[in-house]
Amino acid sequence: MIDTHIHADARSSEDFKQMYLSGIDSAITCSYYPYKINAENILLNHLNRILEYDTQRASQYGLDLKVALGIHPTNSIENPQMIFDEMYKWIENRQIVAIGEIGLEDLTETEIDVFKKQLDIADETNSKVIIHTPRKNKKDVLNVILDIVPQHLDESQAVIDHINQDIIEDVIDKDYMLGLTVQPQKLDVADCIDILDNYGFDNFLLNSDMSNKPSDPLSVAKTIRELTRWGYKKSDVDKIAHKNAENYFKI
């Protein structure tokens, strides 16, 4: 199993052990810092910590931790060029599987500018991106995201994450990959399975988005076990468990 979106820097080593023992072999950890960072060198130091330290922490407990790095909208800064320069190096050296998570939160001018630049880098380097959609004003913010992305990047290179029943009709007929987040206040297992029942298994990735907020590091494993228990076809379960992620991110 693959958890396609976590924040390993916010979690304990015990979580990695539980994930591995539950059958989660790999996870993709994404950028996010819960407090405002005003200096680009401090943000860069945090991103390097994810790349160099958290991957080693996870590996000690059997979890193969892949990395997506970028500037989360909450961490948008006025002078991010240092981060962009490093991003090219991470991509060239194949240290990251995607740029992420990026996106929009409050629709500030700085957020939008940083978001567009990261989409341009993804287009230039043929990279995937993982795009955050917020808890508040989700539909309104998504509409802005859907307007911006096609002007900068092919839709097939982007994951729209944290999809729920309120917004799925806005994206299901487009070329995005869609992330289902099983986490308190996002989706529970039943909600996730309901979406898969209605829209199929081909275009979805499954994740816990475990972070400093209330999270369940085993939510991916629990969802897969429920699908298996209820008799869903193994080929479909395998898609959402790991095959979609393996094919999409080439991991």
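For clarity, every value in this text was computed on a predicted model and none was experimentally measured.
The two residues I131 and G103 make their nearest non-hydrogen contact at CG2-CA, 4.0 Å. The nearest pair of heavy atoms linking L107 to I112 is O-CD1, 4.0 Å. Among all heavy-atom pairs drawn from D3 and I24, the shortest one is N-CG2, 4.1 Å.
Put simply, the residue from K139, K138, K186 that forms a side-chain contact (heavy atoms from CB on, under 4.5 Å) with N164 is K138. When each of I224, I2, L187 is tested with L206 by the rule side-chain contact (heavy atoms from CB on, under 4.5 Å), just one qualifies, namely I224.
For Y199, the OH atom counts as densely surrounded, since its 6.0 Å shell holds more than 12 non-hydrogen atoms of other residues, nucleotides or ligands. Crowding of R57 atom CZ: a count of heavy atoms from other residues, nucleotides or ligands under 6.0 Å exceeding 12.
At a threshold of 4.5 Å between non-hydrogen side-chain atoms, the residues F204 and I168 count as touching. The side-chain heavy atoms of S208 and Q183, taken from C-beta on, include no pair separated by under 4.5 Å. Taking the side chain as every heavy atom from C-beta outward, I148 and L104 approach each other to under 4.5 Å. With contacts defined as side-chain heavy-atom distances shorter than 4.5 Å, the pair V149/L119 qualifies. No side-chain heavy atom of K250 sits under 4.5 Å from any side-chain heavy atom of V97. Counting only heavy atoms from C-beta outward, the side chains of F115 and I71 never approach each other to under 4.5 Å. In this structure, R135 and H162 have side chains that are not in contact, with every pair of non-hydrogen atoms separated by 4.5 Å or more. The shortest distance between side-chain heavy atoms of T4 and V220 does not fall below 4.5 Å.
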Query raised in the report: Given I28 and V67, is the side-chain contact (heavy atoms from CB on, under 4.5 Å) satisfied, shown in steps?
Result: CA-CA 5 Å; I28 299 173; V67 180; over 6 Å; no
Requested in this report: Could you walk me through whether K117 and D120 pass salt bridge (Lys or Arg N to Asp or Glu O under 4.0 Å), step by step?
Outcome: CA-CA 5 Å; K117 176 59 178 177; D120 288 339; 5.9 Å; no
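Ion pair K239/D202 flagged as a salt bridge, since at least one NZ, NE, NH1 or NH2 atom sits closer than 4.0 Å to an Asp/Glu carboxylate oxygen. A salt bridge does not link E14 with K17: none of the charged nitrogens is closer than 4.0 Å to a carboxylate oxygen.
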For residues 74-89, dump all side-chain donor-acceptor pairs below 3.5 Å to protein atoms at least two apart in sequence or in another chain.
from	atom 1	to	atom 2	distance (Å)
T74	OG1	H72	ND1	3.2
N75	OD1	Y33	N	3.0
N75	ND2	Y33	O	2.9
S76	OG	P73	O	2.9
E78	OE2	T110	OG1	3.0
Q81	NE2	D85	OD1	2.9
E86	OE2	K89	NZ	3.3
Y88	OH	E124	OE1	2.8

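Looking only at atom types and distance, the side chain of T108 has no donor-acceptor partner in the side chain of D106 under 3.5 Å away. Remark: the D197 side chain and the Y232 side chain contain an N/O donor-acceptor pair separated by less than 3.5 Å. Side-chain contact of H7 with E101: a donor-acceptor pair under 3.5 Å is present, judged by distance alone. A donor and an acceptor atom, one from each side chain of D161 and H5, are located under 3.5 Å apart. Side chains of D209 and T181: a donor-acceptor N/O pair is absent below 3.5 angstrom, by distance only.
Judged by a 6.0 Å distance limit and a 45° cone about the ring axis, K128 is positioned over the six-membered ring of Y248.
L63 and L205 are members of different hydrophobic clusters when ILVMFWY side chains are connected at heavy-atom separations under 4.5 Å.
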